Amino acid sequence: MTDPADSIEIQNVVASTGIGQELDLEALAEDLPGADFNPDNFPGLVYRTQEPKAAALIFRSGKIVCTGAKSIDDVHEALGIIFEKLRGLSIPVEEDPEITVQNIVSSADLGHQLNLNALAIGLGLEDVEYEPEQFPGLVYRMDEPDVVILLFGSGKIVITGGKRTDDAEEAVEEIVERIEALGLLG
Amino acid sequence: RLRKWQERIRTKDAGERNLQFALSEIDRMASALGVPRSVREVASVIYRRALKEDLIRGRSIEGVATAALYAACRQEGIPRSLDEVAEVSRVEQKEIGRTYRYISQELGLELKPVDPKQFVPRFASALGLSEETQAKATEIIDVSAEQGLLSGKSPTGFAAAAIYAASLLCNEKKTQREVADVAQVTEVTIRNRYQEQIEAMGFR
DNA sequence: AGATTACTTTACAAAGC
DNA sequence: GCTTTAAAAAGTAATCT
């Protein structure tokens with residue numbers, strides 16, 4: 001009896017923050033080795049950290065988006081590295097910038113194959129998007145917690161849109177309950 | 001005042017012209033796809049509903065018209081794939097799919113997932129296959145879907161593989177390429193689905 | 001006929017067009 | 001709306017050997 005909640009793995013965390021200081025991205029692109037800046041394409045400068053692996057989008061306003069980290073701790077660590085890099089370039093950075101987690105993407109395994117056709121009808125066509133011609137996953141929008149779940153025929157799922165670590169666990173418990181209530185799991 | 005009347009008439013005319021354009025586009029695409037008149041009328045009703053619910057704001061008239069036709073075909077049980085619909089529309093497939101999902105949700109169409117069996121008569125007759133082979137393909141779809149092989153798979157690819165398998169079993173062999181061409185899928189997809197289906201049927 | 005690479009879907013922030 | 005960034009799921013597709 002393995003609990004599907006135990007299979008949850010955080011795959012990506014998106015967070016935002018700001019250093020409270022305007023930046024000259026042209027100059028920063030010169031001083032920061034490995035930085036990608038193509039203002040014609042996108043207004044943000046892209047900077048990648050190796051350990052932990054993450055990507056940061058740095059904007060002229062001083063606001064920063066961090067994505068690609070595998071945990072909230074990694075987000076803080078990666079942004080800490082960036083803050084230090086900026087300070088090293090004698091750019092004033094607030095002592096402890098507030099970091100807001102915007103989205104957590106997790107994956108999990110329900111441990112049984114799923115009949116997506118039956119599930120689409122059972123969960124209610126009004127809350128479900130299942131168009132296998134366009135994408136193999138069934139898209140289920142859950143209200144509590146407020147997340148979106150992608151369910152696949154293999155029983156593997158993706159939970160996204162949550163801001164707290166607990167959201168994924170609650171979502172898995174809830175979806176398992178709903179699928180079991182329909183008699184469509186195992 | 002006169003200004004206001006003129007503006008109202010102009011707006012009304014523009015709206016009327018847009019509606020006429022949309023309906024003529026639905027008619028043109030429906031003819032090109034060879035769908036019956038009844039389906040065009042269902043598509044027109046869906047388009048008018050979308051217009052009434054103000055769903056066209058921010059999207060192209062042609063996109064909504066195409067999505068309405070795609071939805072109508074599904075509702076009437078004679079689906080066309082997004083690929084086929086995109087071929088006769090000036091809107092790209094991705095946009096048609098997105099618009100369909102949007103109007104489907106907003107109008108509460110609640111259309112069930114496309115049943116691969118609904119492609120069998122059209123694909124099989126395009127290949128000149130007998131009723132017997134069609135019945136076999138339908139049986140293969142039923143059996144393999146019942147065993148859970150359909151989840152997440154493209155309905156056209158699933159139907160194409162079943163038709164290919166049935167053509168072999170009924171000694172009316174069509175090549176994977178021939179079937180792939182009418183179903184607008186690749187031979188690779190047919191091979192993959194075919195392998196799973198014959199195993200589900202207990203052959204091998 | 002593989003293998004590889006790439007694209008489809010979901011969520012989210014950022015600044016600017 | 002779009003642009004960019006990241007990551008998972010599984011199916012489909014294009015291209016190369």
Side-chain angles (χ1 to χ4, degrees), chain A residues 7-18 22-23 25 36-49 52-71 74-75 78 99-110 113-114 116 129-142 146-163 167-168 171, chain B residues 57-60 81-83 93-95 97-98 101 150-158 160 176 180 183-193 195-196:
Chain A
S7 70
I8 297 173
E9 282 181 40
I10 293 180
Q11 299 292 351
N12 184 21
V13 178
V14 182
S16 59
T17 187
E22 292 258 335
L23 291 167
L25 296 183
D36 289 337
F37 184 46
N38 303 299
D40 294 342
N41 274 341
F42 188 70
L45 178 152
V46 181
Y47 183 74
R48 294 175 171 82
T49 57
K53 194 183 161 211
L57 305 178
I58 304 174
F59 298 88
R60 187 177 45 81
S61 63
K63 293 195 174 172
I64 301 174
V65 170
C66 178
T67 183
K70 291 283 184 191
S71 70
D74 281 358
V75 167
I99 296 171
T100 308
V101 174
Q102 303 287 358
N103 182 26
I104 298 176
V105 182
S106 300
S107 60
D109 191 350
L110 300 186
Q113 303 252 320
L114 297 172
L116 299 184
E129 218 172 81
Y130 175 49
E131 292 295 330
E133 189 185 344
Q134 302 178 58
F135 185 70
L138 183 156
V139 182
Y140 185 63
R141 284 160 213 282
M142 188 174 274
D146 190 7
V147 297
V148 171
I149 306 177
L150 308 181
L151 300 116
F152 297 86
S154 64
K156 302 267 186 71
I157 72 175
V158 171
I159 307 98
T160 186
K163 289 182 157 53
D167 287 342
Chain B
R57 227 172 245 187
R59 309 156 203 275
S60 69
S81 67
L82 281 175
D83 244 73
Q93 192 191 311
K94 195 169 152 184
E95 180 60 21
R98 280 186 191 181
R101 278 179 273 150
L150 182 55
S151 286
K153 309 304 203 313
S154 147
T156 46
F158 208 80
Q176 293 181 356
Q184 303 246 239
V185 297
T186 63
E187 295 166 89
V188 178
T189 296
I190 292 187
R191 273 193 296 276
N192 291 337
R193 296 306 134 245
Q195 290 299 339
E196 299 170 353

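Nothing here was measured: the structure is a model prediction, and the numbers come from that model. Protein chains get the first letters and strands the later ones, always in sequence-line order, with residue 1 at the start of each.
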J.: Whole angstrom is fine here: how far is it from CD1 in A/Ile104 over to C1' in D/dA9?
T.: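 In whole Å, D/dA9 C1' and A/Ile104 CD1 are 18 Å from each other.
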J.: Heavy atoms only, 4.0 Å cut-off, all strands: where does A/Gly137 land among base, sugar-phosphate and nothing?
T.: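 No contact.
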J.: With heavy atoms under 4.0 Å as the rule, sort B/Arg57 into base, sugar-phosphate or nothing.
T.: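 Result for B/Arg57 = nothing.
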J.: What's the CG-C1' distance between A/Leu138 and D/dA9, to the nearest Å?
T.: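 A/Leu138 atom CG is separated from D/dA9 atom C1' by 13 Å.
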J.: Among D/dG11, C/dT10, C/dA15, find the nucleotide with the atom closest to the side chain of A/Arg60.
T.: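 For the A/Arg60 side chain, the nearest candidate turns out to be C/dA15.
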J.: B/Arg59 near the nucleic acid: base, sugar-phosphate alone, or nothing, with a heavy-atom cut-off under 4.0 Å?
T.: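 Nothing, no heavy atom under 4.0 Å.
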J.: Any side-chain N or O of A/Arg48 less than 4.0 Å from the OP1 or OP2 oxygen of D/dA6?
T.: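 Checking A/Arg48 against D/dA6: at least one side-chain N or O falls below 4.0 Å of OP1 or OP2.
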J.: Where the side chain of A/Lys63 is concerned, which of D/dA7, C/dT10, C/dA15 is the nearest nucleotide?
T.: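 When the side chain of A/Lys63 is considered, C/dA15 is the closest of D/dA7, C/dT10, C/dA15.
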J.: Tell me which nucleotide among D/dA8, C/dC12, D/dA10 gets nearest to the side chain of A/Phe135.
T.: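 Among the listed nucleotides, the one closest to the side chain of A/Phe135 is D/dA10.
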J.: Let me know the distance between CG of A/Asn12 and P of C/dA13, rounded to the nearest Å.
T.: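 Distance, rounded to whole Å: 14 Å.
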J.: Mind listing the side-chain donor-acceptor pairs of residues 156-163 of chain A below 3.5 Å, one per line with the distance, residues two or more places apart or on another chain?
T.:
from     : atom 1 : to       : atom 2 : distance (Å)
A/Thr160 : OG1    : A/Asn103 : OD1    : 3.4
A/Thr160 : OG1    : A/Asn103 : ND2    : 3.4
A/Lys163 : NZ     : A/Gln102 : O      : 3.1

J.: So, OP1 or OP2 of C/dA13: does either fall under 4.0 Å of a side-chain N or O from A/Lys163?
T.: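 It does not, given that no N or O in the side chain of A/Lys163 lies less than 4.0 Å from OP1 or OP2 of C/dA13.
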J.: Please determine, for the side chain of A/Leu150, which listed nucleotide (D/dA7, C/dT10, D/dA10) has the closest atom?
T.: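 Looking only at heavy atoms from C-beta outward on A/Leu150, the closest nucleotide is C/dT10.
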J.: Looking only at side-chain atoms of A/Arg141, point me to the closest of C/dT10, D/dT3, C/dA14.
T.: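 My answer, after comparing the listed nucleotides, is C/dT10.
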J.: Quantified in whole Å, what is the C1' atom distance between nucleotide D/dA9 and nucleotide C/dG2?
T.: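 So the two C1' atoms sit 23 Å from each other.
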J.: What's the CD1-P distance between A/Ile159 and C/dT9, to the nearest Å?
T.: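 The answer, rounded to whole Å, is 20 Å.
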J.: Phosphate oxygens OP1/OP2 of C/dC12: is one of them under 4.0 Å from a side-chain N or O of A/Thr67?
T.: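 Checking C/dC12 against A/Thr67, no side-chain N or O comes under 4.0 Å of OP1 or OP2.
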J.: In whole Å, measure the gap between the P atoms of D/dA6 and C/dT4 for me.
T.: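 The same atom, P, in both gives a distance of 22 Å.
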J.: Of the candidate nucleotides D/dA7, C/dA15, C/dC12, which contains the atom at the shortest distance from the side chain of A/Pro43?
T.: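 Per side-chain heavy atoms of A/Pro43, the pick is C/dA15.
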J.: Check every atom of D/dT5, D/dA13, D/dA10 against the side chain of B/Val185 and return the nucleotide holding the closest atom.
T.: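 From the listed options, D/dA13 comes nearest.
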J.: Please give the distance between the C1' atoms of C/dA3 and D/dA8 as a whole number of Å.
T.: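 Approximately 22 Å lies between the C1' atom of C/dA3 and that of D/dA8.
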J.: When the distance from CD of B/Glu95 to P of D/dC2 is rounded to whole Å, what number comes out?
T.: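 Going from B/Glu95 (CD) to D/dC2 (P), I get 8 Å.
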J.: Using only side-chain N and O atoms of B/Lys94, determine if any of them is under 4.0 Å from OP1 or OP2 of C/dT8.
T.: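 Yes, B/Lys94 has a side-chain N/O under 4.0 Å of OP1/OP2 on C/dT8.
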J.: By the 4.0 Å heavy-atom rule, please label A/Ser61 as base, sugar-phosphate, or nothing.
T.: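 The residue A/Ser61 makes sugar-phosphate contact but no base contact.
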J.: May I ask you to say what A/Ser154 touches in the nucleic acid, namely base, sugar-phosphate or nothing, with a heavy-atom cut-off under 4.0 Å?
T.: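 Contact class for A/Ser154: sugar-phosphate only.
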J.: Should B/Arg101 and A/Glu131 count as an ion pair when the cut-off is N to O under 4.0 Å?
T.: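 Looking at B/Arg101 and A/Glu131, the cut-off is not met.
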J.: CD of B/Gln195 versus P of C/dA1: gap in Å, rounded?
T.: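 To the nearest whole Å, that distance equals 8 Å.
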J.: Please report the distance, rounded to the nearest Å, between NZ in B/Lys153 and P in D/dG11.
T.: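 Taking NZ of B/Lys153 and P of D/dG11, I get 5 Å after rounding.
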J.: Whom does C/dG2 pair with, Watson-Crick or G-U wobble, provided both distances fall under 3.5 Å?
T.: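 Partner of C/dG2: D/dC16.
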J.: What nucleic acid atoms does A/Ser107 come within less than 4.0 Å of, heavy atoms only: base, sugar-phosphate, or nothing?
T.: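 If one applies the 4.0 Å heavy-atom cut-off, A/Ser107 turns out to touch nothing in the nucleic acid.
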J.: Below 3.5 Å, does any donor atom in the side chain of A/Ser16 face an acceptor in the base of C/dA13, or the other way round?
T.: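 Not at all, since no donor on one side and acceptor on the other fall under 3.5 Å apart.
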J.: Using a heavy-atom cut-off of under 4.0 Å over every strand shown, decide if A/Val105 touches base, sugar-phosphate, or nothing.
T.: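 Counting heavy atoms under 4.0 Å across all strands, the contact made by A/Val105 includes a base.
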J.: Given D/dA10, D/dT4, C/dA13, which nucleotide is nearest the side-chain atoms of A/Gln102?
T.: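 Between D/dA10, D/dT4, C/dA13, the one nearest the side chain of A/Gln102 would be C/dA13.
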J.: Using a cut-off of strictly less than 4.0 Å, decide whether B/Arg191 has a side-chain nitrogen or oxygen near OP1 or OP2 of C/dG2.
T.: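 No.
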J.: Would you call A/Val148 and A/Arg141 a side-chain contact if the rule is heavy atoms closer than 4.5 Å?
T.: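 A/Val148 vs A/Arg141: side chains touch.
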